[in-house]
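Written out below as structure tokens is the structure these notes cover.
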Amino acid sequence: MEILKSRLLIRPRDAAASTAFYRDTLGLAVEREFPGGTVFFLGHGSLEVSGAGETGSSPDLVLWLQVRDLAGTLAELKAKGLKPVRDARREPWGLDEAWIADPDGTRIVLVEVPEGHPIRTDTR
């Protein structure tokens, strides 16, 4: 199978609140808008907020977003009134992670890969 593009679709209970959260609170760039939805850039993928959900978030769904500066990102989000679900800490696997949530409660893991971590190490 050859993948040309990927996108995660979220069906929020309140599309306006979720769109505002991803656009204004997180500051994600809009890739495109269409009647009933907005697609945001997510690095190498996309996040589409569209339609209407009925059940809200699932604890089985987690959005993983890698950032350059976790402390700075958290400070910006806190200045916008966002309270983290869990503050930043180094995980046993060596990544620095903090947890936030969107209006439906979808967990979003903000990740910084510290210097020296194998993910950042160029093995060439």
Is it the case that one hydrophobic cluster holds both [X] and [Y], taking links as side-chain heavy atoms less than 4.5 Å apart, direct or via other members?
| X | Y | result |
| --- | --- | --- |
| V113 | W99 | yes |
| L26 | L8 | yes |
| L28 | L82 | yes |

For [X] against [Y], the heavy-atom pair lying closest together:
| X | Y | value |
| --- | --- | --- |
| H44 | S6 | O-OG, 4.3 Å |
| S18 | P12 | OG-CB, 3.2 Å |
| T106 | S57 | CA-OG, 3.1 Å |
| A98 | L74 | CB-CD1, 3.6 Å |
| F41 | V30 | CE1-O, 3.8 Å |
| P59 | R107 | O-NH2, 4.3 Å |

Give every donor-acceptor pair under 3.5 Å between a side-chain atom in residues 60-71 and any protein atom, sequence neighbours left out.
| from | atom 1 | to | atom 2 | distance (Å) |
| --- | --- | --- | --- | --- |
| D69 | OD1 | A71 | N | 3.4 |
| D69 | OD1 | G72 | N | 3.0 |

Within a strict 4.5 Å, meaning less than it, do heavy atoms of the L110 and D96 side chains meet?
-> no
Give the C-alpha distance, both sets of side-chain angles, the deciding distance and a yes or no for side-chain contact (heavy atoms from CB on, under 4.5 Å) between F21 and V49.
-> CA-CA 11 Å; F21 173 81; V49 178; over 6 Å; no
Rounding to 0.5 Å, atoms CG (L47) and CZ (F40) come to a distance of 7.0 Å
To the nearest 0.5 Å, atom CD of E54 lies from atom CZ of R11 at 12.0 Å
Pairs involving residues 72-87, ordered by first then second residue, that meet side-chain hydrogen bond (donor to acceptor under 3.5 Å, both in side chains) (sequence neighbours left out) | K78-D87, R86-E91
Under 3.5 Å, is there a donor-acceptor pair between the side chain of [X] and the main chain of [Y]?
| X | Y | answer |
| --- | --- | --- |
| D104 | R13 | yes |
| H117 | W93 | yes |
| T19 | A15 | yes |

Test side-chain hydrogen bond (donor to acceptor under 3.5 Å, both in side chains) applied to R23 and T38, step by step | CA-CA 9 Å; R23 182 191 60 228; T38 303; 5.9 Å; no
Output, in order, the C-alpha distance, side-chain angles, deciding distance and verdict of side-chain contact (heavy atoms from CB on, under 4.5 Å) for E48 and I10.
-> CA-CA 6 Å; E48 179 179 317; I10 293 181; over 6 Å; no
